[in-house]
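Below: the structure, in structure tokens.
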2 protein chains.
Amino acid sequence: MQNLEKILAHNHIKPTAMRLLVLQFLLNKKVAISLTDVENYFDQSDRTTLYRTLNTFVAKGISHKIDDGTGITKYALCEENCHCEINTDLHLHFHCTNCNETVCITDYKIPQIHLPKGYIAENVNLVVKGICDKCNCK
Amino acid sequence: MQNLEKILAHNHIKPTAMRLLVLQFLLNKKVAISLTDVENYFDQSDRTTLYRTLNTFVAKGISHKIDDGTGITKYALCEENCHCEINTDLHLHFHCTNCNETVCITDYKIPQIHLPKGYIAENVNLVVKGICDKCNCK
DNA sequence: TGCCTTATGCAACGGAAGTGCATTATTTGC
DNA sequence: GCAAATAATGCACTTCCGTTGCATAAGGCA
């Protein structure tokens, strides 16, 4: 698990116990998670700390925020070489209305969008809702 | 303003005073509005009534809900012939981070999205954030 | 060791969505 | 036209999530 510390160190985040645990949790989960998810998992721990831990991860660039249209902010680890700020590697998020999970579909890149004259795009968010493959197979 | 009553009647909504007022408000506003917007405008009126009025409009199909990524649910009247439920007339929403307004950009239709095997799309939401034409010109 | 910075934990706030229930208006059947 | 049923409204309250302030604990550095 040295790996975890390396990830943090590489992004200039002090490897506290809590951060290592949260990072591992994010790594294990393949889906985007909410603050409440983390909170439930680390039952004994304080909500604020977890909240700030997630925000630190976002600020330092190892994870990104996702708005999947449920009104609840989700978090997911960035891919290798991800530069969240830049328009080019934006991808699709899929929210399953059955299991309530949100996954990043990195294969699908958002196409160039031509806005009416005068509009300046800074950020694009594409969310598809429906049934995910797991729920579909059941 | 007979028109307003016709719209409601056509969608099987009883034309109460409140509903007519809210409908007119929506018609005048070219942008997507939040419950709070309506609430501020109809200062004397109860929030719950407005909340339920908007929900009724959505349920009966004369307006649709928009999630513009601000975390605040917005509402906008459907276009003529809109069938919100159906994937074909989904359009783009643009949220201006300067004036905080959200507009429907109906000219841009969301292209077909090819999801991985097993996924079923029911709904697509595409939100672009940035600076709108009005703010850009200032 | 002592100082300074950072992380953590507790408490509390605020906005927004939503619900329960009593009251008022509006239909509808008789 | 009246009574009963149905629907709409208004008030109070709850819950959930995001966020902040502040005091304490921990860790790094001179």
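By convention in this document, chain letters (A, B, ...) are assigned in the order of the sequence lines, proteins followed by strands, and residues within each chain are numbered from 1.
Comparing D:dT9, C:dA12, C:dA17 by their nearest atom to the side chain of B:R47 picks out C:dA17. When each of C:dA17, C:dT8, D:dT19 is scored by its nearest atom to the side-chain atoms of B:T73, the top-ranked nucleotide is C:dA17.
Counting non-hydrogen atoms under 4.0 angstrom, A:R19 reaches the backbone sugars and phosphates but no base.
Residues B:E122 and A:T97 are in side-chain contact: their nearest non-hydrogen atoms beyond the backbone lie under 4.5 Å apart. The shortest distance between side-chain heavy atoms of B:T36 and B:V38 does not fall below 4.5 Å. Considering only heavy atoms from C-beta on, A:H64 comes within 4.5 Å of A:C104 through its side chain.
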Within the sub-3.5 Å range, which N or O atoms of nucleotides 23-25 of chain C have a protein N or O partner, and how far apart are they?
none

Taking only nitrogen or oxygen atoms into account, show me every contact under 3.5 Å that the protein makes with nucleotides 21-30 of chain D, one pair per line with its distance.
| unit_1 | atom_1 | unit_2 | atom_2 | d |
| --- | --- | --- | --- | --- |
| D:dG21 | O6 | A:R52 | NH2 | 3.1 |

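A search for side-chain contact (heavy atoms from CB on, under 4.5 Å) contacts involving A:N136 returns A:I131, B:I120, not counting sequence neighbours. Residues forming a side chain to side chain donor-acceptor pair (under 3.5 Å) with B:T70 (at least two apart in sequence, or on another chain): B:D68. When the side-chain contact (heavy atoms from CB on, under 4.5 Å) test is applied to A:T73, the partners found at least two apart in sequence or on another chain are A:K65, A:Y75. With sequence neighbours left out, A:S34 forms a side chain to side chain donor-acceptor pair (under 3.5 Å) with A:D37. Looking at residues two or more places apart in sequence or on another chain, you find a ring pair (Phe, Tyr, Trp, His ring centres under 6.0 Å) between B:F94 and A:Y119.
Applying the salt bridge (charged side-chain N to carboxylate O under 4.0 Å, His left out) rule to pairs touching residues 127-137 of chain B yields B:E101-B:K134, sequence neighbours excluded.
Per the geometry, CG belonging to A:L50 stands 12 Å off P belonging to D:dG18, to the nearest Å. Taking atom CE on A:M18 and atom P on C:dC10, their separation rounds to 13 Å, with Å as the unit. Rounded to whole angstrom, the span from the CG atom of A:L21 across to the P atom of C:dA7 amounts to 16 Å. To the nearest angstrom, P of C:dA7 lies 15 Å from CG of A:L23. Between the NZ atom of A:K65 and the P atom of D:dC17 there is a distance of 15 Å, rounded to whole Å. Atom CD1 of B:I13 and atom P of C:dT26 are 17 Å apart (whole Å). Rounded to whole angstrom, the span from the NE2 atom of A:H12 across to the P atom of C:dA7 amounts to 14 Å. Going from atom CD1 of B:I72 over to atom P of D:dG18 covers 13 Å, rounded to whole Å.
Annotation: A:F25, atom CZ; neighbour count of heavy atoms from other residues, nucleotides and ligands within 6.0 Å is above 12.
Transitive grouping of hydrophobic side chains (ILVMFWY, heavy atoms separated by less than 4.5 Å) keeps A:I66 and A:Y41 in distinct clusters.
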Scan the side chains in residues 46-54 of chain B for donor-acceptor partners under 3.5 Å anywhere in the protein, sequence neighbours excluded, and list what turns up.
| unit_1 | atom_1 | unit_2 | atom_2 | d |
| --- | --- | --- | --- | --- |
| B:D46 | OD2 | B:T48 | N | 2.9 |
| B:D46 | OD2 | B:T48 | OG1 | 3.1 |
| B:T53 | OG1 | B:T49 | O | 2.6 |

Expected list for residues 13-23 of chain B: side-chain donor-acceptor pairs under 3.5 angstrom, two or more places apart:
| unit_1 | atom_1 | unit_2 | atom_2 | d |
| --- | --- | --- | --- | --- |
| B:T16 | OG1 | B:R19 | N | 3.3 |
| B:R19 | NH1 | B:K14 | O | 3.2 |

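Proximity of A:T16 to the phosphate of C:dT8: a side-chain N or O atom is located under 4.0 Å from OP1 or OP2. Within the 4.0 Å cut-off from OP1 or OP2 of C:dG18, at least one side-chain nitrogen or oxygen of B:Y51 is found.
Of the residues in residues 31-46 of chain A, those placing a heavy atom less than 4.0 Å from an atom of DNA chain D are A:L35, A:T36, in numerical order.
Comparing the axis of the opening five pairs of the helix from C:dT1-D:dA30 to C:dC30-D:dG1 with that of the closing five pairs yields an angle of 10°, rounded to 10°.
With no hydrogens or angles considered, a side-chain donor-acceptor pair links A:H95 and A:T102 at under 3.5 Å.
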